[in-house]
Amino acid sequence: MRISILSFFACLMLSCALNAESTNGTDTQKKYKLESLSDSSFEWPSFKTLTDVALLKNYNTRLVVLSTTILGIAAGLVGSFLLMRKRSLMGDALSHACLPGIGIAFMIMVAMGGTGKSLAGLLTGATITGLTGVISIMFIRNTTKIKDDAAMGIVLSVFFGLGIAILGMVQAMPSASAAGLEYFIYGKTASMVMQDFILLSSITLIVIAFSVLLLKEFTALCFDEAFASSQGWPINLLDIIMLALVTAVTVVGLQAVGLILIIAFLITPASAARFWTDDLKQMLLLAAAIGGLSGWIGASISALFPNLPAGAVIVLVAAAIFVFSMIFGSTRGVLLRMMSHHRLKRKVGRQHLLRSIFEITEHLANQAGKEISNEPISFEALLKHRSWNLSELHKLINFAKKEDHIENFTGDRIRLSEAGFGEAARTTRNHRLWEMYLIKHADVAPSHVDRDADAVEHILGADMVRQLEVHLQQNEDLMAIPRSPHETIPQGANS
């Protein structure tokens with residue numbers, strides 16, 4: 001698996017390089033239109049433009065789309081570890097900490113006689129101050145009682161303020177032009193060149209390699225830091241490696257989406273993947289796929305509509321995938337949770353109905369000195385047994401009839417089916433077993449035990465019931481159960 005993933009990206013890099021060499025000279029001169037806030041014109045793309053973008057026929061389109069896709073894959077991977085480590089704000093603090101380094105690197109390069117526009121120099125400066133910000137956060141967290149979120153907020157605001165001040169000084173330098181540095185704040189995907197693609201591909205390969213090689217260690221660090229430390233693993237070193245990967249992805253992503261939006265690209269794909277799975281390996285793959293898809297679609301839309309900035313569109317696409325995942329996610333989606341809650345509510349209502357019918361039948365049998373049997377009871381007695389209103393009780397009865405638990409309901413009398421009587425007896429016994437367990441082992445007052453048992457009995461599994469029966473094997477234990485707090489059954493309830 002490791003070899004296949006590395007081979008895929010190696011082939012992708014080689015293919016793009018070959019396509020770049022084979023593209024004619026006029027094609028290489030094509031550039032995206034410069035985004036302008038003052039340009040409000042809008043044109044629908046032609047069919048030829050759609051096919052050219054979809055098939056990546058143009059060199060610049062191909063380069064930008066592949067670069068943002070690769071960035072999305074890397075951001076999805078490291079973002080998953082940040083999310084599970086509960087350090088989502090770390091990427092935000094780190095990206096803002098890069099801003100002073102860009103301005104300082106520019107001034108140093110100008111002072112050395114250069115133009116200050118060397119991408120390698122600017123990214124080096126961003127990396128240095130970014131790492132400084134991360135180290136500052138860790139220092140504050142480890143040496144004071146300040147929590148992670150407060151430390152990250154302090155470093156974020158201080159470094160961003162310092163960066164704005166330095167950029168103001170850069171703008172006032174008479175001997176140099178600082179035009180273009182603002183793109184590191186907002187991003188300018190269209191200015192990517194082959195050098196950026198190679199850099200992004202290299203960083204992504206490194207991220208994948210470390211994610212695969214240190215998956216077990218990173219998993220332990222994210223879920224149980226104390227356990228990892230007890231096993232003798234170097235927690236601080238693993239933390240530094242993880243944050244170094246985040247720093248690398250953040251720095252190389254500045255030009256694509258900017259330091260303001262890079263945090264969204266780091267966290268949104270991972271958050272979307274969290275709704276689909278509880279397995280970290282699957283989450284990493286899904287987050288990488290969502291990040292790559294967001295980069296591909298966002299850059300393609302920006303190529304079709306040049307007035308839309310690519311960085312913002314990429315983040316909006318990732319946000320749309322997040323909203324879809326939040327609603328329809330198969331593990332933690334809102335729709336799934338609503339359906340599960342609805343099913344549980346119906347199950348609770350059905351069990352309360354069956355137990356109420358059984359308790360009434362049991363009470364009447366005890367009054368008559370008979371054995372409990374499946375006799376019809378009056379609807380009025382059932383209605384008074386619990387705090388049901390008429391429409392709610394009719395809904396519960398209709399639901400029980402659909403499940404073949406109610407055999408007869410004529411309007412004034414109700415009778416359980418054979419299967420319903422057995423289910424009612426089982427439900428009542430489970431409730432009483434749980435009541436006895438709470439009284440004997442949890443010191444719950446008998447006057448409150450019915451309410452507490454009601455809260456948990458509906459999620460009892462067969463294994464739990466068997467364990468309760470082992471604890472409460474003596475028949476006299478069941479006889480010590482307090483009376484039901486529900487309304488007393490009136491005389492002649494089965495008449």
Side-chain angles (χ1 to χ4, degrees), residues 71 73-102 123-144 146-160 163 199-200 202-226 228-229 233-254 257 259-271 280 283-284 287-288 291:
L71 175 62
I73 292 172
L77 286 173
V78 298
S80 298
F81 292 122
L82 272 184
L83 182 67
M84 302 311 298
R85 191 82 169 100
K86 295 180 176 61
R87 289 183 177 175
S88 300
L89 276 178
M90 183 65 78
D92 199 15
L94 198 155
S95 63
H96 285 74
C98 291
L99 186 58
I102 295 173
L123 294 184
T124 300
T127 302
I128 294 173
T129 56
L131 289 174
T132 304
V134 170
I135 294 172
S136 301
I137 293 173
M138 296 180 65
F139 177 79
I140 293 173
R141 185 195 65 183
N142 294 333
T143 58
T144 68
I146 295 178
K147 301 297 183 182
D148 281 359
D149 55 349
M152 286 185 280
I154 293 171
V155 172
L156 184 154
S157 56
V158 169
F159 274 76
F160 187 66
L199 180 61
L200 284 168
S202 302
I203 294 297
T204 302
L205 289 174
I206 293 173
V207 169
I208 291 175
F210 275 97
S211 299
V212 173
L213 294 174
L214 298 177
L215 178 60
K216 180 176 66 176
E217 289 78 4
F218 282 167
T219 302
L221 187 64
C222 292
F223 289 99
D224 197 338
E225 182 178 343
S229 179
W233 292 347
I235 299 300
N236 292 331
L237 178 60
L238 291 173
D239 227 353
I240 292 173
I241 293 175
M242 183 185 296
L243 293 177
L245 296 178
V246 176
T247 303
V249 174
T250 301
V251 170
V252 298
L254 290 178
V257 295
L259 63 86
I260 294 178
L261 297 178
I262 187 63
I263 179 59
F265 212 21
L266 280 169
I267 299 305
T268 306
S271 301
L280 182 59
M283 179 181 170
L284 290 170

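Below, each value reflects all heavy atoms present in this structure, side chains not excepted, and no hydrogens, waters or symmetry copies.
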Please list, chain by chain and in numerical order, all residues satisfying side chain to side chain contact (heavy atoms under 4.5 Å, CB included) with [X], sequence neighbours excluded.
| X | result |
| --- | --- |
| T144 | I140, I146 |
| T124 | I128 |
| T268 | A264, A318, F322 |
| I267 | L82, S88, I263, S271 |

Which residue pairs satisfy the salt bridge (Lys or Arg N to Asp or Glu O under 4.0 Å) criterion with at least one member in residues 123-138, sequence neighbours excluded?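 Counting only pairs at least two positions apart or across chains, no salt bridge (Lys or Arg N to Asp or Glu O under 4.0 Å) contact touches residues 123-138.
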Which pairs with one or both residues in residues 234-248 pass salt bridge (Lys or Arg N to Asp or Glu O under 4.0 Å), sequence neighbours excluded?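 Sorted result for residues 234-248: R85-D239, R87-D239, R141-D239.
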Can you name the closest pair of heavy atoms from [X] and [Y] and give their distance?
| X | Y | value |
| --- | --- | --- |
| S80 | L284 | CB-CD2, 3.5 Å |
| L243 | L94 | O-CD1, 4.2 Å |
| M90 | M152 | N-SD, 3.2 Å |
| A270 | G76 | CB-O, 4.4 Å |
| I102 | A126 | CG1-CB, 3.9 Å |
| G133 | V155 | O-CG1, 3.6 Å |

Give a yes or no answer on whether the side chain of S229 reaches the backbone of E225 with a donor-acceptor pair at less than 3.5 Å. no
Looking at A97, is its backbone amide N or carbonyl O close enough to the side chain of T129 to form a donor-acceptor pair, meaning the two atoms are under 3.5 Å apart?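 Yes; judged by distance alone, with no hydrogens or angles, the pair exists.
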Separation between [atom1] of [X] and [atom2] of [Y], rounded to the nearest 0.5 Å:
| X | Y | atom1 | atom2 | result |
| --- | --- | --- | --- | --- |
| I241 | N236 | CD1 | CG | 11.0 Å |
| I135 | T247 | CD1 | OG1 | 9.0 Å |
| M283 | L77 | CE | CG | 10.5 Å |

Is it true that atom CZ of F139 has more than 12 heavy atoms of other residues, nucleotides or ligands lying nearer than 6.0 Å? no
Apply the test side chain to side chain contact (heavy atoms under 4.5 Å, CB included) to residues L123 and L199: give CA-CA distance (whole Å), side-chain angles for both, the deciding distance (0.1 Å), then the verdict. CA-CA 11 Å; L123 294 184; L199 180 61; 3.6 Å; yes
For residues 208-221, tabulate all N or O donor-acceptor pairs below 3.5 Å that involve a side-chain atom, not counting sequence neighbours.
from : atom 1 : to   : atom 2 : distance (Å)
S211 : OG     : V207 : O      : 2.7
T219 : OG1    : L215 : O      : 2.6

Apply side chain to side chain contact (heavy atoms under 4.5 Å, CB included) to F160 and L99, showing your working. CA-CA 7 Å; F160 187 66; L99 186 58; 3.7 Å; yes
Answer yes or no: is there a side-chain heavy-atom contact under 4.5 Å between L245 and F81? no
